[in-house]
Amino acid sequence: MNKNVTVRDAGDVKVLDLKGKITIGAGDLHMREAIHQTLAGGAKKILINMKEVTTIDSTGVGELVGCYTTATNKGAKLRLANLPEKINDVLTVTQLITVFDVYTSEAEALEGF
Amino acid sequence: MNKNVTVRDAGDVKVLDLKGKITIGAGDLHMREAIHQTLAGGAKKILINMKEVTTIDSTGVGELVGCYTTATNKGAKLRLANLPEKINDVLTVTQLITVFDVYTSEAEALEGF
Amino acid sequence: MTESSRSPVVLWLSSRYENIELAMAALEEVSRNSGIENDMEHWIGMALREAVANAIKHGNRQDPEKRVMVSFDVKGDDITIRVGDEGPGFDSGSVADPLAPENQLRPSGRGIFYMKTFMDLVTFQNGDGGGGTIVTMTKNFKNKKP
Amino acid sequence: MTESSRSPVVLWLSSRYENIELAMAALEEVSRNSGIENDMEHWIGMALREAVANAIKHGNRQDPEKRVMVSFDVKGDDITIRVGDEGPGFDSGSVADPLAPENQLRPSGRGIFYMKTFMDLVTFQNGDGGGGTIVTMTKNFKNKKP
Ligand SMILES: Nc1ncnc2c1ncn2[C@@H]1O[C@H](COP(=O)(O)OP(=O)(O)O)[C@@H](O)[C@H]1O
Ligand SMILES: Nc1ncnc2c1ncn2[C@@H]1O[C@H](COP(=O)(O)OP(=O)(O)O)[C@@H](O)[C@H]1O
């Protein structure tokens, strides 16, 4: 299975680059693991870069929500950036776009994080 | 359906560039039509450029054989050039590679046609 | 190809998530043969993913011996997709609304909602004797997306 | 994924040549899931094309109401593909040898030969009461190509 999450640092922010499909049985667990690891490492600011995500299903969306809750519960902040139009649509129809902290670019998301 | 045969002139030789799949229900009839048209137009030298052929099945091979026979019967010569390795293998196992006049490049095939 | 009924295709897949991609590959072929455009295919594919995932997860509980049936039917500008499983069936009327405020942060419960959002019509049938679920989803693929 | 049996997949296709590509798309997915490499997939695909084309052409005579069944089974390093049709059946023993000099320039008659060349084992069965043909083709996909 392709690892479709990579983690990098941008100052004190952990940036997770997601790639490809975040769908049941495919990318869903990698994202969760990566978030949990960065939180366990003490990160307080996490930025998820969705630029290269091609497809997300309800399981992937659920993972995003779960990660958001976990981060909040640990006193960390989670932001999303670079949502492709279709991914944006998927979050919009379930009214999650307002729940998440969404930014159009990585620079914008990092500013004042 | 994509037309996967184009015809061009190289001196007095008609060159047919085949492309993609020469398979049942797909590219098989286009090739036949193109050959018949060039023969009807009085061509005596036909070069089939196979460079861009990705797949050929037994129906496509049969069409090639049929075109060869038709051309020969009309007193025309037919040559093949630029066979990709897999296409070459397909003609080899049915011992057709020796029946056809096969050249590794277009230049070679045109020489002394 | 006649206008009235193109590409009837039926797949029987074992209950593994990786086989979702096979259903997607079939949709891709059916779309190509029926003139369904890429954007439209994406949204239909989204509904198909959800339906097959539910059949594997909730229906067949990932038992690879149990089969998921996926059929594609194109008539005119309508595509009808059926997804069947060998599971216990369920009452689609009592599924929680994922837009209700108390459900907004739940990590699950959005699949059927997506299916209904991206298709024109989605119906659920339980098999005879309560066994199995068949989801039937229809979409006019010449209409705009939701 | 257990080693012993991965990706059993069954397709039921209507008898249209364009559905050959659907069988190919399924093979592609099965290959990806089973670690079948590209070159090997190409040769197996060649045999699959021939088998499905024969089922559509000679078996079902292109009657779109009749179905072609294609199944994939991977056990260990062996892939077994079955292709079934609803045609009249035939005697595979009496098919002419395409390598015989008198057949070399025939425009047809090479399909079964290709199937046998590119797979390890190809067998034909006629259905009960003479109806239908099932071709079973097996290949050890870790072996080199012919
Ligand atoms: N094919 C099915 N068989 C049995 N139960 C199902 C099936 N599809 C859906 N369900 C039930 O409906 C519920 C809601 O499904 P869905 O909206 O897709 O959300 P999720 O799958 O995230 O729970 C599931 O939790 C399950 O109880
Ligand atoms: N599924 C089938 N049903 C009935 N007859 C078949 C089937 N497959 C093959 N045959 C018979 O075997 C012959 C040889 O098949 P093949 O080697 O594929 O060559 P071709 O299809 O070019 O004739 C066919 O012409 C046909 O008579």
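Lettering of chains follows the sequences in order, A, B, ..., and the numbering in each one begins at 1. We use all heavy atoms of the structure for the numbers below, so side chains are in, but hydrogens, waters and symmetry mates are not.
- Applying a 4.5 Å heavy-atom cutoff, the residues of residues 67-75 of chain A that approach chain C are A:Tyr68, A:Thr69.
- With hydrogens and angles left out, the side-chain atoms of C:Tyr17 and C:Gln62 include a donor and acceptor closer than 3.5 Å.
- Under a cut-off of 6.0 angstrom, the local environment of NZ in A:Lys19 is sparse, with at most 12 non-hydrogen atoms contributed by other residues, nucleotides or ligands.
- When the candidates C:His42, C:Met46, C:Lys57 are compared by the number of heavy-atom contacts under 4.5 Å with chain A, C:His42 comes out ahead.
- In terms of heavy-atom pairs under 4.5 Å with chain C, the best-connected choice from A:Leu64, A:Val99, A:Val90 is A:Val90.
- Residue C:Glu65 qualifies as open at atom CD: its count of foreign heavy atoms under 6.0 Å is 12 or below.
- With a threshold of 4.5 angstrom between heavy atoms, A:Lys21 approaches chain C through side-chain atoms but not through N, CA, C or O.
- Within the 4.5 angstrom heavy-atom criterion, no atom of C:Ile56 approaches chain A.
- Under a cutoff of 6.0 Å and an axis angle of 45°, A:Arg79 and A:Phe100 do not form a cation-pi pair.
- No side-chain donor from either of C:Asp120 and C:Asn140 sits under 3.5 Å from a side-chain acceptor of the other.
- How far CD1 of A:Ile56 is from CG of A:Leu91: 6.0 Å, rounded to the nearest 0.5 Å.
- Looking at C:Arg49 and C:Glu21, a side-chain N of the basic residue comes within less than 4.0 Å of a carboxylate O on the acidic one, giving a salt bridge.
- Residue C:Glu50 touches chain A through its side chain alone, counting heavy-atom pairs closer than 4.5 Å.
- Of the charged side-chain nitrogens involved, at least one lies within less than 4.0 Å of a carboxylate oxygen, so that A:Asp12 and A:Lys45 count as a salt-bridged pair.
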